[in-house]
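Encoded as structure tokens, the structure appears first; notes follow it.
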Amino acid sequence: MNRSKQSSLPINDQFDPTRISLRLSVTEKCQLRCCYCMPEPVRHDDNSLPPLSKEEIRQVIGSLQSYYRISKLQLTGGDPLVRADLGEIIKSLSCEQIPDISLTTNGQALKQWAKRLQESGLNRMNISLDSIDRDRFRRITKTGDLHKTIEGIEAAIEQKMQPVKLNTVVMRGVNEEEIADIADFGLSRGCQVRFLELMPIGAASRRFETLYVSSSEVKTRLSREFHFSPLPDSPASSSVNYTVVSKTGLTGVIGFISPYSAPFCSRCNRLRLTSSGRFVGCLKLGNSIDIRSILESESPSTDRLIVEAAKKVLSQKQNAAVSSNTSSFQSKEIMAAIGG
Ligand code: SAM
Ligand code: SF4
């Protein structure tokens with residue numbers, strides 16, 4: 001492969017156009033109906049395209065690796081744990097020389113899965129936890145059982161997943177009063193805790209103005225209980241991380257993900273693959289390219305065509321970063337299909 005021709009992307013100090021972080025949604029199905037994620041009425045799963053098969057996923061990864069270095073692979077969904085062959089997918093990806101493979105889940109089925117995931121080669125995990133109050137958790141997720149997610153977190157810790165990161169989307173009038181308790185809960189179990197800003201995508205678009213809380217407000221509130229010291233982050237990291245010490249002596253790491261107030265577009269090397277086979281470059285831009293037809297054609301040019309599709313969505317995104325308007329999110333896909 002001629003690397004001198006590899007990309008039309010603008011190159012700056014922080015951006016290596018041959019290194020990507022891939023977020024792979026393995027299904028758009030989910031046991032939960034989080035108020036900010038799934039639209040109402042819920043789209044009928046039966047009308048959507050089936051997810052890419054294990055073989056197709058492996059093909060995409062192989063094609064991408066003919067040109068790119070995948071530095072990070074995050075399996076997501078919907079909820080990846082509803083996919084029965086997830087263990088086999090992870091096993092096959094573990095042979096692919098990807099240094100960092102992680103999984104993002106709501107934790108509802110994690111107790112049953114944790115050992116198998118560890119045995120398949122997974123060693124770190126993100127678990128969504130928007131409340132540690134049983135009734136509020138149920139109101140946010142509509143069908144979720146807090147106890148199951150907590151059991152899932154404990155199972156991941158038992159399997160020595162390192163680190164276990166807990167992700168909380170902070171919402172005004174919903175869980176904003178709970179953030180210090182959630183931080184205590186996570187840190188006391190040795191988990192990293194990350195607070196996410198709501199994005200005006202999917203079901204969140206309608207009530208975004210009412211629900212949105214900025215990371216700076218969350219950090220200010222937490223500063224009453226925790227002392228923060230900044231950690232150096234990698235340029236492509238989506239979170240800004242701190243070591244913290246609480247008034248009660250708890251220590252650990254708290255991070256903030258601020259896609260709305262501080263978008264990290266210029267440092268973003270993330271490529272998303274939806275469960276139905278679309279590359280998505282950017283949530284703000286909403287640009288995507290279907291690669292399912294390429295996979296189905298079984299053409300000898302599959303590698304080249306897939307790399308070209310990836311280059312196209314990534315260059316659109318990088319060019320758009322120059323003129324990005326922080327408040328607009330154009331993505332029309334639901335988050336469960338894109339994977340977050
Ligand atoms: N079902 C898994 C879970 O909830 O962790 C994985 C998929 S979910 C789409 C991935 C992440 O996206 C979760 O942390 C979820 O909270 C977040 N998310 C979904 N919709 C969002 C929105 N509108 N704004 C911010 N984060 C969102
Ligand atoms: Fe499901 Fe995750 Fe979306 Fe909640 S945020 S509905 S758990 S995909």
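Atoms within each ligand, like the ligands themselves, are counted from 1 in listed order. Bear in mind that the values here come from a model prediction, so they are computed numbers and not experimental data.
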How far apart are the closest heavy atoms of Leu295 and Leu52, and which atoms are they?
CD1-CD2, 4.0 Å

Working for ring pair (Phe, Tyr, Trp, His ring centres under 6.0 Å), residues Phe226 and Tyr242
CA-CA 10 Å; Phe226 296 91; Tyr242 298 82; over 10 Å; no

Test item: side-chain donor near acceptor, Thr104 and Gln74, under 3.5 Å:
yes

Which of Lys311, Lys312, Arg304 passes side chain to side chain donor-acceptor pair (under 3.5 Å) with Glu308? It is Arg304

Return yes if a side-chain donor-acceptor contact under 3.5 Å exists between Asn167 and Ser128, otherwise no.
no

Excluding waters, how many protein N/O/S atoms sit closer than 2.8 Å to atom 3 (Fe) of ligand 2?
1

Counting non-hydrogen protein atoms only, what is the nearest one to atom 16 (O) of ligand 1? Give residue, atom name and distance.
Tyr36 OH, 2.9 Å

Filtering Gly78, Gly77, Ala204 for the heavy atom nearest atom 1 (N) of ligand 1 leaves Gly78

Atom 11 (C) of ligand 1: the protein heavy-atom neighbour that sits closest, reported with distance to 0.1 Å
Gly340 CA, 4.4 Å

Is there a donor-acceptor pair closer than 3.5 Å between any side-chain N or O of Thr168 and the backbone N or O of Val170?
no

Please state which protein non-hydrogen atom is closest to atom 3 (C) of ligand 1 and give its distance, to 0.1 Å?
Ser128 OG, 3.3 Å

Modelled atom types, side-chain donor and acceptor of Gln59 and Thr302, under 3.5 Å
no

When you check the side-chain N and O atoms of Ser71 and Arg19, is any donor under 3.5 Å from an acceptor?
yes

